[in-house]
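This structure is a prediction, so every number in the text was calculated from the model and none was measured.
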Amino acid sequence: MDLSFLIHALIPSWNSVSLLAGFFTYLAIVGSILPGKLVPGVLLSDSTRLHYRCNGLLSLFLLVGLIWISAKMEFVSLTAIADRGLELLSTTFIFSFLVALVLYFSGCKSKSKGSSLKPHVTGNLIHDWWFGIQLNPQFMSIDLKFFFVRAGMMGWLLINLSVLAKSIQDGTLSKSMILFQLFCALYILDYFVHEEYMTSTWDIIAERLGFMLVFGDLVWIPFTFSIQGWWLLRNKVELTTAAVVANCFVFLIGYMVFRGANKQKHDFKKNPKAPIWGKPPKVIGGKLLASGYWGVARHCNYLGDLLLALSFSLPCGISSPVPYFYPIYLLILLIWRERRDEARCAEKYREIWLEYRKLVPWRILPYVY
């Protein structure tokens, strides 16, 4: 791919703008009208809490069904995203950049004193634009932070499915592509089955919404997490039966740790006395869970996430580092995030955190880190 072709392919077109606008419009409408469990968010510092309608799984199934029917009627092409991947990447990036600016300037005008919309302005434009100045900004009663996370996860699946359709069309479908698609689809579907767990994550309850989160949700998640699929379109990999079994094992272990840890944390926040692994939970200072996975490592959910990321890349073999961009990036990100989490928790919980660190000395991987 030469430079001139790359530059031309990155130029947004009205088709890419229409695809993105249609996607966001669909999510905004169905997210507001489809039935779904209404989940209360965590208690904010002003003693208020937001509520989230968790109908992402139904929204996703309906969207995939509508796309399939439209393709059968020849209204759309299943390979439209795969054919316009770079266009959509640049279009989404520009959209994220502009949204972050709008969030900054609209946030600066906010007079709200509530925890969700009170602006936190440092005076450094770049810092405030990057990290955001409002915790939970809304547009037409839509919580934008929750909306963008949902859009990113759905976008990831739609890109993968379009790449799969392209692979079938080109006659390059392989065991590697099937394995990659299967693992990603299971992970994404599981996310929406347990969508309510997202309401208690650090991004939702503590991070303000700026370019970092908008770009991460709308660009980074769908376009970089799907790199393996794009790579497999142009590279043939033959997997042995042993490699397939080992890959499945990595995925299952990763899923067990990731989902198990997040479920324990979510259940603990809802009911601090709920048993974990059949025993009453061990709690430090009445606040910090030190049982189950959280008694093994202080951020053991990150270990599960890393194993899952590795399982998405292993179907590509070891001939190139390109498909391993995601797990390598995620390792760096999670170590950075773990350090930030540690600093925040040390400041928030003080002596309780010191006691928890003594009881659970390992950060992510027991006996290693």
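Sorted by first and then second residue, the side-chain hydrogen bond (donor to acceptor under 3.5 Å, both in side chains) pairs with a member in residues 204-219 read E207-R340; sequence neighbours excluded. Applying the ring pair (Phe, Tyr, Trp, His ring centres under 6.0 Å) definition to pairs two or more places apart or across chains, those involving residues 152-184 are W156-Y187, W156-F225, W156-F312, F183-F251. Under the ring pair (Phe, Tyr, Trp, His ring centres under 6.0 Å) criterion, no residue pair touches residues 72-91, with sequence neighbours excluded. Sorted by first and then second residue, the pairs that involve residues 311-335 and meet side-chain hydrogen bond (donor to acceptor under 3.5 Å, both in side chains), not counting sequence neighbours, are W220-Y329, Q228-S313.
The ring pair (Phe, Tyr, Trp, His ring centres under 6.0 Å) test applied to Y356 returns W353, not counting sequence neighbours. For the side-chain contact (heavy atoms from CB on, under 4.5 Å) test, residues two or more places apart in sequence or in another chain that qualify with P40 are R49, H51. Every residue two or more places apart in sequence or in another chain was checked for a side-chain contact (heavy atoms from CB on, under 4.5 Å) with K348, and none qualifies. With sequence neighbours left out, S96 forms a side-chain hydrogen bond (donor to acceptor under 3.5 Å, both in side chains) with no residue at all. Taking the side-chain contact (heavy atoms from CB on, under 4.5 Å) definition, one finds that K265 meets it with N262, K269, W294, sequence neighbours left out.
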Please tabulate, one pair per line, all N/O donor-acceptor pairs under 3.5 Å involving side-chain atoms of residues 135-143, not counting sequence neighbours.
residue : atom : partner : partner atom : Å
D143    : OD1  : K145    : N            : 3.4
D143    : OD1  : F146    : N            : 3.0

Exercise answer: donor-acceptor pairs, residues 11-35 side-chain atoms, under 3.5 Å, sequence neighbours excluded:
residue : atom : partner : partner atom : Å
S13     : OG   : N15     : N            : 3.4
S13     : OG   : S16     : N            : 3.3
S13     : OG   : E87     : OE1          : 2.4
S16     : OG   : S13     : N            : 3.0
S16     : OG   : S13     : O            : 2.7
S16     : OG   : T91     : OG1          : 3.0
S18     : OG   : W14     : O            : 2.7
T25     : OG1  : A21     : O            : 2.7
Y26     : OH   : S59     : O            : 2.7
Y26     : OH   : L63     : N            : 3.1
S32     : OG   : A28     : O            : 2.9

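Clustering of Ile, Leu, Val, Met, Phe, Trp and Tyr side chains at separations under 4.5 Å leaves Y197 isolated, with no partner residue.
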